[in-house]
Amino acid sequence: MMAEEHTDLEAQIVKDIHFKEIDLVNRDPKNINEDIVKVDFEDVIAEPVGTYSFDGVWKVSYTTFTVSKYWCYRLLSTLLGVPLALLWGFLFACISFCHIWAVVPCIKSYLIEIQCISHIYSLCIRTFCNPLFTALGQVCSNIKVMLRKEV
């Protein structure tokens, strides 16, 4: 009984990873397009005081802008949304693949190799520089500096 529940739980976890439910109401839950893509009529077209068009022209312009933006987006997303989603999915899969199978192993290899070189470098410093600086320190340890005020 316990083994079956554990297997069912594992199957549910695997299923949840590949079949995530999406929110059809809030389509930007992380607000990545908060200020960038929100463009309204007032953000693009504005008439300063004293240079107003006819009210009817203003209303028709507003409606034309809003409706054409809405339907143009819908048409473009219908025609290009799925192919671009496929392209972006492929691109990020390639980036993930390269990072997992090339970048991280190269960095790990570099860190292993540089560790060996750092031990050799440290040995050279201790062998050659430490005695030199110890001798210079002993030579300079007998130097005394006196400050006098001259009147």
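All values reported here derive from a predicted model rather than from experimental measurement.
- For Asp23, the side chain to side chain contact (heavy atoms under 4.5 Å, CB included) partners two or more places apart in sequence, or in a different chain, are Val25, Asn26.
- Distance check: Ile45 CD1 to Asp40 CG gives 11.5 Å after rounding to the nearest 0.5 Å.
- Side chain of Asp28 to backbone of Ile32: a donor-acceptor contact under 3.5 angstrom is found.
- When the shell of 6.0 Å around NZ of Lys69 is examined, it contains more than 12 heavy atoms from other residues, nucleotides or ligands.
- Residues passing the side chain to side chain donor-acceptor pair (under 3.5 Å) test with Ser61: none are found, sequence neighbours excluded.
- Residues satisfying the side chain to side chain contact (heavy atoms under 4.5 Å, CB included) criterion with Val39, sequence neighbours excluded, are Asp43, Val44.
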Quiz item: Please walk me through it: do Trp71 and Val67 pass side-chain contact (heavy atoms from CB on, under 4.5 Å)?
Solution: CA-CA 6 Å; Trp71 283 107; Val67 170; 3.6 Å; yes

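- When the ring pair (Phe, Tyr, Trp, His ring centres under 6.0 Å) test is applied to Phe41, the partners found at least two apart in sequence or on another chain are Trp58, Tyr62, Phe65.
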Quiz item: Is there a side-chain hydrogen bond (donor to acceptor under 3.5 Å, both in side chains) between Arg126 and Ser122 once you walk through the steps?
Solution: CA-CA 6 Å; Arg126 284 192 305 254; Ser122 176; 2.9 Å; yes

Please tabulate, for side-chain N and O atoms in residues 94-117, each donor-acceptor pair with protein atoms closer than 3.5 Å (sequence neighbours left out).
| unit_1 | atom_1 | unit_2 | atom_2 | d |
| --- | --- | --- | --- | --- |
| Ser96 | OG | Phe92 | O | 2.9 |
| Ser109 | OG | Glu113 | OE2 | 3.2 |

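- Judged by distance alone, the side chain of Thr51 and the main-chain N or O of Glu47 form no donor-acceptor pair under 3.5 Å.
- Residues Leu84 and Leu79 share a single hydrophobic cluster, defined by chaining ILVMFWY side chains whose heavy atoms lie under 4.5 Å apart.
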Side-chain donor/acceptor pairs under 3.5 Å, residues 128-151, sequence neighbours excluded:
| unit_1 | atom_1 | unit_2 | atom_2 | d |
| --- | --- | --- | --- | --- |
| Thr134 | OG1 | Asn130 | O | 2.7 |
| Ser141 | OG | Gln138 | O | 2.8 |

